[in-house]
S.K.: 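A single structure is presented below for examination.
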Amino acid sequence: AKVDMRWKLMMTSAGYDKGCADYDTASVLPVSVDLPEADFERIYVSALPRTTATARQVFEDREFDKTALFNEVPERAGFDTGLKLPMFFWSAVSRIQWFFNVPRQPETRAQTRLRARKAAQYLSQKNEDCAVFSHGFFMIFLLQEMEKQGFQVDHKRLHYSNGEAVICRK
């Protein structure tokens with residue numbers, strides 16, 4: 001679901017880091033998810049509170065299995081400064097650093113790929129009908145790894161919308 005938070009347009013590095021932390025714990029707006037008729041044995045959610053809040057809108061009273069394997073790729077400011085810079089600058093620099101495996105980021109691209117591989121292997125080994133609530137950027141890598149594990153993915157994109165369901169079959 002869409003996160004109910006407004007980013008400041010201009011911020012220091014500390015402000016951007018605080019914004020990233022606030023975003024992960026912010027509430028979510030109502031969302032409609034079009035899921036196929038299925039009796040999901042399990043529902044996995046990332047460890048971030050916003051995925052539990054999203055899953056709760058779809059599966060009101062079910063229990064969820066929380067795991068950081070499905071968390072969004074974390075971000076932080078690319079360098080420390082008291083200078084106020086645009087939010088899009090901070091986000092672009094953090095993703096560039098992530099792409100080039102700069103260890104300043106909480107997780108590098110190589111680490112994201114490894115985590116996605118572990119998550120896909122986990123789902124493959126479980127071999128159950130399940131729903132997974134994750135995050136748009138991480139989903140790109142998760143779905144790539146799921147294909148390597150033998151899953152057929154119904155559609156792939158470079159950007160996923162809030163509430164968009166992707167069906168994977170094995």
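Computed from a prediction, not measured in an experiment: that's the story for all the values here. We number each residue from 1, following the sequence as shown.
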S.K.: Partners of E41 by salt bridge (charged side-chain N to carboxylate O under 4.0 Å, His left out), sequence neighbours excluded?
M.R.: none

S.K.: Roughly how far, to the nearest 0.5 Å, is CE of M146 from NZ of K156?
M.R.: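 Atom-to-atom, K156:NZ and M146:CE are 12.0 Å apart.
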
S.K.: Within a radius of less than 6.0 Å around CD of E128, do more than 12 heavy atoms belonging to other residues, nucleotides or ligands occur?
M.R.: yes

S.K.: Other residues, nucleotides and ligands only: do more than 12 of their heavy atoms fall within 6.0 Å of CG on L83?
M.R.: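 Check passes, neighbour count above 12.
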
S.K.: Between Q97 and G78, which heavy-atom pair has the shortest distance, and what is it?
M.R.: NE2-O, 3.0 Å

S.K.: What's the spacing between M11 CE and D17 CG if we round to 0.5 Å?
M.R.: 10.5 Å

S.K.: Give me the atom names and distance for the closest heavy-atom approach of D22 to M5.
M.R.: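 Of all heavy-atom pairs spanning D22 and M5, the closest is C-SD, 3.8 Å.
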
S.K.: Looking at CG of L142 and CG of L123, how far apart are the two atoms once the value is rounded to the nearest 0.5 Å?
M.R.: 6.5 Å

S.K.: Quick check for you: to the nearest 0.5 Å, what is the distance between K84 atom NZ and L9 atom CG?
M.R.: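 K84 NZ to L9 CG: 11.0 Å, rounded to 0.5 Å.
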
S.K.: From R76 CZ over to C20 SG, what is the distance, rounded to the nearest 0.5 angstrom?
M.R.: 10.0 Å

S.K.: Please tabulate, one pair per line, all N/O donor-acceptor pairs under 3.5 Å involving side-chain atoms of residues 30-39, not counting sequence neighbours.
M.R.:
none

S.K.: With a 4.0 Å cut-off on N to O distance, would you call R50 and E72 a salt bridge?
M.R.: no

S.K.: Strictly by salt bridge (charged side-chain N to carboxylate O under 4.0 Å, His left out), give each pair with a member in residues 101-122 just once, sequence neighbours left out.
M.R.: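 Sorted result for residues 101-122: D80-R104, E107-R115, R117-E145.
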
S.K.: Can you find a pair of side-chain heavy atoms, one from F79 and one from S13, that are under 4.5 Å apart?
M.R.: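 Not touching, per the 4.5 Å side-chain cut-off.
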
S.K.: Out of D24, T54, T67, T51, which residue meets the side chain to side chain donor-acceptor pair (under 3.5 Å) rule with S46?
M.R.: T51

S.K.: Side chains of S91 and Y16, heavy atoms from C-beta outward: is any pair under 4.5 Å?
M.R.: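 S91 vs Y16: side chains touch.
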
S.K.: Holding to ring pair (Phe, Tyr, Trp, His ring centres under 6.0 Å), I want the full list of residues that pass it with F59, two or more places apart in sequence or in another chain.
M.R.: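 Counting only residues at least two positions away or on another chain, F59 forms a ring pair (Phe, Tyr, Trp, His ring centres under 6.0 Å) with F40.
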
S.K.: Compare all side-chain heavy atoms of V166 with those of D154 and state whether any distance is below 4.5 angstrom.
M.R.: yes

S.K.: Which atom names give the shortest non-hydrogen contact between P106 and Q111, and what distance separates them?
M.R.: O-OE1, 4.1 Å

S.K.: From D65 CG over to F133 CZ, what is the distance, rounded to the nearest 0.5 angstrom?
M.R.: 12.5 Å

S.K.: What residues form a side chain to side chain contact (heavy atoms under 4.5 Å, CB included) with Y122, not counting sequence neighbours?
M.R.: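 Expected list: Y44, L69, K126.
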
S.K.: What are the two closest non-hydrogen atoms of S134 and M139, and how far apart are they?
M.R.: CB-CG, 4.2 Å

S.K.: Could you note down all residue pairs passing ring pair (Phe, Tyr, Trp, His ring centres under 6.0 Å) where residues 144-170 supplies at least one of them, sequence neighbours left out?
M.R.: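 Found none.
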
